[in-house]
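Below is one structure, written out as structure tokens; comments come after it.
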Number of protein chains: 2
Amino acid sequence: MEDYQDYRLFQELSLLLDHADRLVLRQFRLNTLQYNALLLLDPDEGWRLTDLSERLLCERSTVTRLVDYLESEGLIARSPDPGDRRSQRVTLTAAGVARRREAQAAIEEAIHRRFSVLNGEEEQQLIAMLKRLRAVVSAEIAEKETASPEASSTPS
Amino acid sequence: MEDYQDYRLFQELSLLLDHADRLVLRQFRLNTLQYNALLLLDPDEGWRLTDLSERLLCERSTVTRLVDYLESEGLIARSPDPGDRRSQRVTLTAAGVARRREAQAAIEEAIHRRFSVLNGEEEQQLIAMLKRLRAVVSAEIAEKETASPEASSTPS
DNA sequence: CAGCAACAATTGCAATCGCAACAAATTGCG
DNA sequence: CGCAATTTGTTGCGATTGCAATTGTTGCTG
């Protein structure tokens, strides 16, 4: 009955959170996706672009341009994959570690302030609900995407 | 302590929901914003573009182009505001009502399926938490936006 | 009434991102 | 081995959106 109210609230809060994050990250010359990538990356262990795209829930082409930008900022370094000449390994530079540390401090301060309106028990409930929702929506997407990209068949 | 987990889950679910909605709305040649606009509009009572932008949480320029598109699809009509030559009034056409009805049926079916993993009590809790979060984040944005856009002053 | 600030809508521009097409490299199967 | 299918990353293109500047209108104030 309140499904729709949940949905609208969730949608609106998404927009607001995106906007608020942009305001925070702007001073570090990062957008949300770039920041999330920095969080994942590591100075030692190199990530492949394809793995980054799967983790960040975006297209490979988006990761290409994301990596182009972070590289131009000197925050990451591309290096060839020793075992596969198609692949590249992306690692954090010292500047990347520093920039991530600054941005992370600002973002996590903001996050903490926002979620301080919930108590510990509520957070647990929220996490549990969000996980269940994530599972359903993931399944819905998987179902829809295996349905259309192939099989223009309608076979007998 | 779990603030960050909440946040990441929320962010990920936002991406998934956006993606899932796009898959549903694509068949009606609408994106999420266009659909939300159709929900607001009415065959009789005309909306001003500025009011739409505030309701949809986007820029006025975005609404201009949104209305351009919906008009080109024949779903809405622009008419001059009788009392103010600066304004325009936007109303739903019959085709707009029909398109909205189809899209709404599909979307609400999907929403209902997604939120069926929560029971009534959980939905109430979720709504309450989302409302509190919305309030904090709104306040945060308002604070940040009144801080920077003006006052490059640092006066004596 | 003249001037000016505020407001409605639009346009230009840049940033962002998904999708499709592509080149290079790798894998697998006959 | 040899060739087809798959995989990795890139590029072209279009769609979407925010921000700043602009035009035309309104309303307030001296």
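Predicted, not measured: the structure shown is a model, and the values here were computed from it. Chain A is the first sequence line, chain B the second, and so forth, proteins listed ahead of strands; every chain is numbered from 1.
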Do A/Asp21 and B/Tyr7 pass the side chain to side chain donor-acceptor pair (under 3.5 Å) test, and can you show the C-alpha distance, the side-chain angles, and the key distance before you say yes or no?
-> CA-CA 11 Å; A/Asp21 285 346; B/Tyr7 174 74; 2.3 Å; yes
A/Glu12 side chain near B/Leu130 side chain, heavy-atom distance below 4.5 Å = no
Side chains of B/Arg89 and B/Arg78: does their closest heavy-atom pair fall under 4.5 Å?
-> no
Can you name the residues that form a salt bridge (Lys or Arg N to Asp or Glu O under 4.0 Å) with A/Arg65, not counting sequence neighbours?
-> none
With a 4.0 Å cut-off on heavy atoms, is B/Leu66 in touch with a base, just the backbone sugar-phosphate, or nothing at all?
-> nothing
Euclidean distance, atom CD of residue A/Glu59 to atom C1' of D/dA15 [Å, nearest integer] = 14 Å
Provide the start and end nucleotides, 5' to 3', of the part of DNA chain C that has atoms under 4.0 Å from heavy atoms of chain A.
-> C/dT16 to C/dT26
Ring centres under 6.0 angstrom apart (B/Tyr4, A/Phe115) | no
Would you mind reporting whether A/Leu17 and A/Leu13 have side-chain heavy atoms less than 4.5 Å apart?
-> yes
Inspect the contact between B/Arg113 and B/Glu109 and indicate whether a charged nitrogen and a carboxylate oxygen are less than 4.0 angstrom apart.
-> yes
How close or far is atom C1' of D/dT16 from atom CZ of B/Arg29, stated in whole angstroms?
-> 17 Å
Assess whether ring pair (Phe, Tyr, Trp, His ring centres under 6.0 Å) is satisfied between A/Tyr35 and A/Phe28, documenting all intermediate values.
-> CA-CA 9 Å; A/Tyr35 172 72; A/Phe28 306 104; 8.6 Å; no
Using a cut-off of 4.0 Å on non-hydrogen atoms, how would the nucleic acid contact of A/Asp81 be classed: base, sugar-phosphate, or nothing?
-> nothing
Given protein heavy atoms under 4.0 Å, the one-letter contact record of nucleotides 5-14 of chain D, with B base, S sugar-phosphate only and - none, is simply --BBBBBBB-
